[in-house]
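Numbers for residues simply follow the sequence, beginning at 1.
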Amino acid sequence: MTSKPSISFAKPGTPKKGSVVVFSADDGGLSDVARANDPAKALDRAFPVADFNSKFGGVVEVLAPEGTAVDRLVAIGVGKTSGLDEYAWLKLGGVVAAQLRKAAEVAVILDITGLKVDGAAAAGVAAGILLRSYNFDKYKTKKDNGDGKVDDKKSVKVTIHCADPAAAKKAFADAEAIVGGVVLARDLVNEPANVLGPVEFAAQAKELEKLGVKVEILTEKEMKKLGMGALLGVAQGSVRPPRLAVMQWNGGKAKDKPVAFVGKGVVFDSGGVSIKPAAGMEDMKGDMGGAAAVTGLMHTLAARKAKANVVGIIGLVENMVDGNAQRPGDIVTSMSGQTIEVLNTDAEGRLVLADALWYCNQRFEPKFMVNLATLTGAIMVALGQSHAGLFSNNDELAERLTSSGTATQEKLWRMPLGSDYDKLIDSKNADMKNIGGRYGGSITAAQFLQRFVKETPWAHLDIAGTAMGSPSNEINQSWGSGYGVRLLDRLVRDHYEG
């Protein structure tokens, strides 16, 4: 993997070497501290030439600026200071990271006219730098632009000059824990399916024990004993055995009920006998984006020592075409005892989640359950790739999730549930069928899941459009986005920590 930048914090100054980044506000221009790093006023001359007006994300670069020994001087626009919220600082960090290039040392002068930049803002910029710098290149043996091995150059040293470096360093400890969870989720989604099967994914979850997470791995033998016929039916066409990983972080009071997160972990989805079209099937290595998000979340919560009791459960299977694969028309019995007519073997994620949700609810009796899944293409038709779909049986939980999504810009849009949709999955031959017809596909999938949660507050996040192949932005240039980690960490932080 490309080495990540090394981040440190210092008092504002005038560096004598490397690259220097300063900021210009729409309502104040360059600050006095920024100008001290440009004694010959090179930026004043460059701004009109580049038509730079301090718009957010705008960049002007001066090479070998006069009057100073630094290599490069970069100015970044921040727009109006009133618009600099939590996510804006993260995005600014991403813009900074895009300017690092091959620099060995970079000084970021985080001083903005008319604004007191606190430690949390500085930590946000640092986190944005790390998120934007992520690059999944572990399998590349050649440089992109020629022959030779991948350049294993030392990590670029980034020093963020700010008013209160001690506060920034303290805030960055939590921010770095979040980045670690996002990066883990991205790595898992980006890994090819021949490398990351259910057993290997379970081993990755087991690694969280180093952070204090209690991890149990259930094999197919144990799942069969529990009666998980829905999950096992999906897995039976693959030579790679399924796993159920149960992760527990006990950072809250001993008597407090946990909150629970459940992830769909289909490491590769061929569609089974109802096989998918060949075009784009390679993307189905990312059909475990929900499980990746839950695993990344558990990493984050443990790394920052969250004061909450949290359970993370991921159902790990591979859906393949084989002589032993389940057929359209098969009827399976879920752990709940409810029977399911499998009319389409490509509607498999809901079968995995059905048993995982029931197991979670029965064993842990959580305050709520949130499941994440790259579940339907229909949600992308409805919402595109800017929002994930939110379905819930509880208004308070839905509102808290929506608020957390707005704060982190991992946005959610609530979709309907109801008896009119639920009856679409009634079956003549079993208790239910696993598809509901052509229309409202994401809704009928959610109705299916709701049949396995009883009265427990529950939400289903359909992240098919946001977890993989989502549009690049200031903090993500990767195919796997790590969507859900920041959102759910914020939910726990704001509402469920003691």
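Residues meeting the salt bridge (Lys or Arg N to Asp or Glu O under 4.0 Å) test with Asp322, sequence neighbours left out: none. The side chain to side chain contact (heavy atoms under 4.5 Å, CB included) search around Val485 returns Val182, Ala185, Thr300, not counting sequence neighbours. A search for salt bridge (Lys or Arg N to Asp or Glu O under 4.0 Å) contacts involving Glu341 returns nothing, not counting sequence neighbours. Take Asn393 and apply the side chain to side chain contact (heavy atoms under 4.5 Å, CB included) test, not counting sequence neighbours, and it matches Gln450, Val453, Trp458. Ala163 meets the side chain to side chain contact (heavy atoms under 4.5 Å, CB included) test with no other residue; sequence neighbours excluded. With sequence neighbours left out, the side chain to side chain contact (heavy atoms under 4.5 Å, CB included) criterion links Pro416 to Tyr421, Ile443. Looking at residues two or more places apart in sequence or on another chain, you find no ring pair (Phe, Tyr, Trp, His ring centres under 6.0 Å) involving Phe268.
Checking side-chain atoms of Arg240 against main-chain N and O of Pro198 turns up no donor-acceptor pair under 3.5 Å. With Asn371 contributing its side chain and Val262 its backbone, the two residues share no donor-acceptor pair below 3.5 Å. The backbone N or O of Ser274 sits less than 3.5 Å from a side-chain atom of Thr345, completing a donor-acceptor pair. A donor-acceptor contact shorter than 3.5 Å is absent between the side chain of Lys264 and the backbone of Gly289. Thr374 places a side-chain N or O within 3.5 Å of a backbone atom of Asp287 that can act as its donor or acceptor partner. A donor-acceptor contact shorter than 3.5 Å links the side chain of Asn309 to the backbone of Asp256. With hydrogens and angles disregarded, a donor-acceptor distance shorter than 3.5 Å links the side chain of Arg186 to the backbone of Leu131. Side chain of Tyr496 to backbone of Leu491: no donor-acceptor contact under 3.5 angstrom is found. Panel note: side chain Ser6, backbone Ser155; no donor-acceptor pair is recorded below 3.5 Å. The backbone N or O of Lys140 lies less than 3.5 Å from no partner atom in the side chain of Asp137, so there is not a single donor-acceptor pair.
Each salt bridge (Lys or Arg N to Asp or Glu O under 4.0 Å) pair with one or both residues in residues 116-134, not counting sequence neighbours, would appear here, but there are none. Evaluation of the salt bridge (Lys or Arg N to Asp or Glu O under 4.0 Å) test over residues 219-234, restricted to residues two or more places apart or in two chains, returns Glu220-Arg243. Sequence neighbours left out, the pairs with a member in residues 351-364 that pass salt bridge (Lys or Arg N to Asp or Glu O under 4.0 Å) are Glu216-Arg363.
The shortest distance between side-chain heavy atoms of Ile313 and Val294 does not fall below 4.5 Å. In this structure, the side chains of Pro242 and Met223 come closer than 4.5 Å at one or more pairs of heavy atoms. Side-chain contact between Asp462 and Met415 is absent, with no heavy atoms from C-beta onward closer than 4.5 Å. Considering only heavy atoms from C-beta on, Met247 stays 4.5 Å or farther from Leu301 through its side chain. Side-chain contact between Ile275 and Met281 is present, with at least one heavy-atom pair separated by less than 4.5 Å.
For Ile425 against Gly436, the heavy-atom pair with the smallest separation is CG2-CA, 4.1 Å. Heavy-atom minimum distance, Gly57 versus Val95: O-CG1, 4.1 Å. Minimum interatomic distance between Gly229 and Val332 (heavy atoms only, all atoms of both residues): O-CB, 3.9 Å. Summarising the geometry of Gly484 relative to Leu372, their closest heavy-atom pair is CA-CD2, 4.3 Å, with the distance given to 0.1 Å. Nearest heavy atoms, Ser334 versus Ile340: CB-CD1, 4.1 Å. Looking at every heavy atom in both residues, Gly180 comes nearest to His299 through C-CD2, 3.6 Å.
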- Should Phe261 and Leu297 be marked as a side chain to side chain contact (heavy atoms under 4.5 Å, CB included) after you check the CA-CA gap, both sets of side-chain angles, and the distance that decides it? CA-CA 9 Å; Phe261 302 94; Leu297 173 67; 3.6 Å; yes
- Message: Could you go through Asp164 and Phe9, starting from their C-alpha distance and side-chain angles, then the distance that decides it, and tell me whether this counts as side chain to side chain contact (heavy atoms under 4.5 Å, CB included)?
- Response: CA-CA 9 Å; Asp164 192 344; Phe9 301 91; over 6 Å; no
- Task: Could you walk me through whether Arg400 and Asp494 pass the side chain to side chain contact (heavy atoms under 4.5 Å, CB included) test, one step at a time?
- Result: CA-CA 9 Å; Arg400 288 178 173 181; Asp494 285 355; over 6 Å; no
- Task: Please lay out, stage by stage, how Leu226 and Leu244 fare under the test side chain to side chain contact (heavy atoms under 4.5 Å, CB included).
- Result: CA-CA 12 Å; Leu226 288 166; Leu244 189 84; 5.9 Å; no
- Candidate pair Asn319 and Ser270, rule side chain to side chain donor-acceptor pair (under 3.5 Å), full reasoning: CA-CA 6 Å; Asn319 187 25; Ser270 69; 5.1 Å; no
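A salt bridge is defined here as a Lys NZ or Arg NE, NH1 or NH2 lying under 4.0 Å from an Asp or Glu carboxylate O, and Arg493 with Asp174 meets this definition. Using a 4.0 Å cut-off between a side-chain N of Lys or Arg and a carboxylate O of Asp or Glu, Arg451 and Asp422 qualify as a salt bridge. A salt bridge is absent between Glu282 and Lys276; no separation between the charged side-chain nitrogens and carboxylate oxygens falls under 4.0 Å.
Tested against Met468 for a side chain to side chain contact (heavy atoms under 4.5 Å, CB included), the candidates Lys285, Met284, Met288 yield a single pass: Met284. The one candidate from Val259, Leu401, Val310 that meets the side chain to side chain contact (heavy atoms under 4.5 Å, CB included) condition with Leu488 is Leu401. Considering Lys307, Arg490, Arg304 in turn, Arg304 is the only one that fulfils the salt bridge (charged side-chain N to carboxylate O under 4.0 Å, His left out) rule with Glu497.
A donor-acceptor pair shorter than 3.5 Å cannot be found between the side chains of Asn476 and Ser481. No side-chain donor from either of Gln236 and Asn324 sits under 3.5 Å from a side-chain acceptor of the other. Between the side chains of Ser336 and Gln338, at least one donor-acceptor pair of N or O atoms lies under 3.5 Å. Side-chain contact check for Thr456 and Asn361: at least one donor-acceptor pair (N or O, by modelled atom type) lies under 3.5 Å. Side-chain atoms of Glu410 and Tyr87 form no donor-acceptor pair, as typed in the model, at a separation below 3.5 Å.
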Distance-only check: which donor-acceptor pairs under 3.5 Å involve side-chain atoms of residues 200-208, not counting sequence neighbours?
from	atom 1	to	atom 2	distance (Å)
Glu200	OE1	Gly197	N	2.9
Lys206	NZ	Glu209	OE2	3.1
Lys206	NZ	Val215	O	3.0
Glu207	OE1	Lys210	NZ	2.7

Show the atom names and distances, to 0.1 Å, of all donor-acceptor pairs under 3.5 Å that link a side chain in residues 165-172 to residues at least two apart or in another chain.
none

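Between the CD atom of Glu365 and the SG atom of Cys360 there is a distance of 10.5 Å, given to the nearest 0.5 Å.
Ring orientation note: the planes of Trp413 and His387 are nearly perpendicular, at an angle over 60° on the 30°/60° scale.
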